[in-house]
A.B. asks: 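Next up is a structure, given as structure tokens.
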Amino acid sequence: MTENNNLLLEVKDLRTHFPLRLGTVRAVDGVDLNIRYGQTVGVVGESGCGKSVMARSVMRIEPTPGRIMSGELLLYRRTAEKRKSDIAQPGFTDIIDMAQLDPKGPEARGIRGAEIAMIFQEPMASFSPVHTIAWQIIEGILIHQDVDRTEARRIAIRMLEQVSMPHPERIIDRYPHQLSGGMRQRAMIAMALSCQPSLLVADEPTTALDVTTQAQILTLMRELQRDLGMAIMFITHDLGVVAKMTEYVYVMYLGKIVESASVVDLFHDAKHPYTEALLRSIPQLGRRTHQGKAEPLAVIPGGVPDPFSIPSGCPFHPRCHRIVEGVCNVREPTSIEVGENHQVRCVLYE
Amino acid sequence: MLEYIIRRILLAIPTLIMISIISFVVIQLPPGDFLTSYIAQIRSEEGDLAAEEAAEGGRVAVLRQRYGLDQPLPVQYWRWITNIVLRGDFGYSFEQKVGVRTLIWERLALTIVLSGTTMLFTWLVAIPIGVLSAVKQYSLMDYFFTTLGFLGLAIPNFLLALILMWVAFRYFDTSITGLFSSHYIDAPWTWGKVLDLMKHLWLPVLILGMSGSASLIRTMRANLLDELNKPYVETARAKGVKENTLIWRYPVRVALNPFVSTIGWALPALVSGSTIVSIVLSLATTGPLLLRALISQDMFLAGAFVLLLSTLTVIGTLISDILLVVLDPRIAYE
């Protein structure tokens with residue numbers, strides 16, 4: 001990425017590994033990724049490609065026994081006043097490498113929930129079943145903001161209003177199981193945004209919702225992004241969501257970024273065979289072959305390889321339809337700049 | 001909420017009536033009654049003639065009439081239960097020749113002190129260890145307490161009591177039995193006696209609490225391991241909550257709920273539990289008394305116990321149900 005000003009998060013060669021009895025799982029294996037202030041970035045990939053572990057590593061809540069082996073997670077922090085007053089203002093107060101912090105230490109905790117917040121896939125399971133919504137939102141506010149309980153409650157209700165929760169003063173004292181799926185996810189978003197984070201990490205926030213609710217939540221997130229100006233890292237396997245929500249997209253396969261491009265370039269000019277295959281496997285109404293017959297939905301052959309025995313060379317080569325024998329299965333490709341802000345990791349472009 | 005509690009209490013009443021009937025029938029079930037064995041005892045001690053005489057008139061007949069033992073069962077039951085409910089009179093212990101009430105209360109108080117302390121000890125020891133074991137799963141500490149836990153589960157309490165008694169006697173030349181020093185046993189209650197009780201209490205508590213703690217540690221560890229990987233824990237972590245606060249506030253809180261439902265059984269166990277250990281350590285608790293009453297068919301004494309235990313179970317279940325509703329909002333009480 002050439003535009004380096006206004007950077008919020010710079011992930012450099014991040015590696016998060018899981019030392020297990022059967023071997024080491026390299027869930028995230030050398031990811032580079034940039035997010036600017038106010039930018040919406042998508043991370044796409046199949047289940048098991050490491051996108052969720054990557055997102056959690058950014059928060060420093062990588063699940064045990066996962067560990068960041070190497071890499072940098074540079075957070076370009078602005079003071080709270082600067083963050084609020086002018087999002088576009090260049091410059092920053094300090095850079096902190098999240099990867100160097102103790103995940104449970106005070107610095108990392110001070111950033112989590114305040115500067116980087118996260119929303120999760122399962123809005124039901126992601127709330128404690130035995131605490132009220134109020135309790136859970138207010139907890140975060142009290143940790144990060146210097147306010148008393150009454151004020152925190154006021155902030156919580158205001159946030160619930162902002163996410164278009166019906167009757168926020170009443171809903172706030174309910175328990176999660178008394179809310180519908182969509183309302184829970186709204187509450188989750190309200191909780192995440194209650195401390196005005198610069199970055200919202202959204203890990204498949206709509207996957208567990210029905211289609212109508214999905215659309216409502218996505219629209220809500222777009223509006224909130226416009227109003228509050230935070231950056232969003234959108235983790236998803238749904239290319240439709242990517243097209244609707246994001247400006248820039250990273251395609252992840254087996255712990256590596258295989259292609260990154262602006263959303264327009266990605267949909268119109270995908271380079272990597274994996275991206276091409278992903279795009280072809282989106283069902284489209286009325287898609288016909290040249291003979292005018294309904295075309296069967298394209299699938300990517302095979303499945304994500306066993307994490308303990310990742311193929312040599314390019315990890316995608318066993319499933320690739322453009323494989324170059326003797327090259328792809330031997331040598332790991334490097335990342336190549338193929339256009340403005342468009343990188344691809346494939347031997348075909350070297 | 002209040003309505004739920006009232007409804008539950010009202011529902012407990014027919015249950016208790018049923019229980020009292022069943023208790024009475026159960027203690028009447030074995031052939032013969034105490035008087036039969038009483039006559040047998042006279043026969044062996046004073047000869048056939050005295051036994052005949054006792055059976056015909058005299059002592060036995062007086063007793064039989066006084067307690068209505070010659071009446072049909074429903075009449076006997078009615079007399080028994082109305083005496084208990086209206087006058088708090090649980091009847092007469094034929095064997096010990098005193099009212100059941102005087103016999104039970106002091107032992108009951110001691111038992112509750114002993115069992116209550118044991119329960120408190122168990123929870124205070126087991127819950128933190130269980131939590132630690134789960135949070136640091138497969139650590140050296142976890143393995144240590146797992147080993148200790150299985151040992152605690154495997155060693156019968158009475159065996160531990162015997163071993164400790166022997167060790168105390170052999171190497172320290174002291175006796176560790178009883179709840180009081182000898183000169184306090186029949187003394188009236190004074191601060192000195194309370195202090196003396198405290199001095200004696202810790203050892204039975206340790207022995208009785210061992211297997212309880214061991215199994216509680218295992219259960220707590222397993223329950224918490226189930227909760228630790230739930231998404232809500234991750235959410236709390238993502239909010240920036242301190243790790244220790246987070247563990248106790250969320251997963252432990254949820255993992256504790258199943259324990260609340262065990263209060264229903266904990267209450268009667270307070271009274272009848274630890275019988276064997278009490279016999280071995282000669283503790284003046286209710287367990288040995290209940291056992292003796294059952295063996296000698298001392299019907300009113302045994303009946304009082306059976307009724308007491310059943311009532312405690314009902315009350316315990318009631319308390320668990322109410323607590324569960326308070327603690328876990330997902331349980332609907334409509």
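Every heavy atom of this structure was used, including side-chain atoms; hydrogens, water molecules and symmetry mates were not. Sequence lines set the chain letters: A, B, ... in the order given, protein chains first and strands last, and positions in each chain run from 1.
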A.B. asks: Between B:N229 and chain A, which part of the residue has a heavy atom less than 4.5 Å away: side chain, backbone, both or neither?
C.D. replies: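 It is neither, since no heavy atom gets under 4.5 Å.
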A.B. asks: Is the shortest side-chain heavy-atom distance between A:E169 and A:E161 below 4.5 Å?
C.D. replies: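 In contact.
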A.B. asks: Taking side chain as C-beta onward, heavy atoms only, is A:I68 less than 4.5 Å from A:V28?
C.D. replies: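 A:I68 vs A:V28: side chains apart.
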A.B. asks: For A:S194 and A:R158, test the side chains for any donor-to-acceptor distance below 3.5 angstrom and give the result as yes or no.
C.D. replies: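 No donor-acceptor contact under 3.5 Å links the two side chains.
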A.B. asks: Does any non-hydrogen side-chain atom of B:L179 lie less than 4.5 Å from one of B:V113?
C.D. replies: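 Result no, sub-4.5 Å side-chain heavy-atom pair not found.
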A.B. asks: Does any heavy atom of chain B fall under 4.5 Å from the side chain of A:Q136, the backbone, both, or neither of them?
C.D. replies: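 Contact with chain B: backbone and side chain both.
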A.B. asks: Sort A:M124 into side chain, backbone, both or neither according to what part of it lies under 4.5 angstrom from a heavy atom of chain B.
C.D. replies: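 No part of A:M124 comes within 4.5 Å of chain B.
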A.B. asks: Counting only heavy atoms closer than 4.5 Å, note whether A:F127 contacts chain B via side chain, backbone, both or neither.
C.D. replies: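 Looking at A:F127, just its backbone touches chain B.
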A.B. asks: In terms of heavy-atom pairs under 4.5 Å, which option from B:V233, B:V241, B:V254 contacts chain A the most?
C.D. replies: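 Of B:V233, B:V241, B:V254, B:V241 has the most heavy-atom pairs under 4.5 Å with chain A.
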A.B. asks: If you count heavy-atom pairs under 4.5 Å between each of A:A125, A:G113, A:G140 and chain B, which one has the most?
C.D. replies: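 Highest number of heavy-atom pairs under 4.5 Å: A:A125.
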A.B. asks: Would you call A:K104 and A:R60 a side-chain contact if the rule is heavy atoms closer than 4.5 Å?
C.D. replies: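 Side-chain contact under 4.5 Å: no.
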A.B. asks: Is A:I143 close to chain B through its backbone or its side chain, or both, or neither, when contacts mean heavy atoms under 4.5 Å?
C.D. replies: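 Contact with chain B is through the side chain of A:I143 alone.
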A.B. asks: Out of B:R253, B:E234, B:K230, B:E227, which one racks up the most heavy-atom pairs below 4.5 Å with chain A?
C.D. replies: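 Maximum pair count with chain A is reached by B:E234.
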A.B. asks: Using a strict threshold of under 4.0 Å (side-chain N to carboxylate O), is an ion pair present between A:R153 and A:D173?
C.D. replies: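 The answer is yes: the pair qualifies as a salt bridge.
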A.B. asks: Go through the atoms of B:L246 and report whether side chain, backbone, both or neither lie under 4.5 Å from a heavy atom of chain A.
C.D. replies: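 B:L246 has no heavy atom closer than 4.5 Å to chain A.
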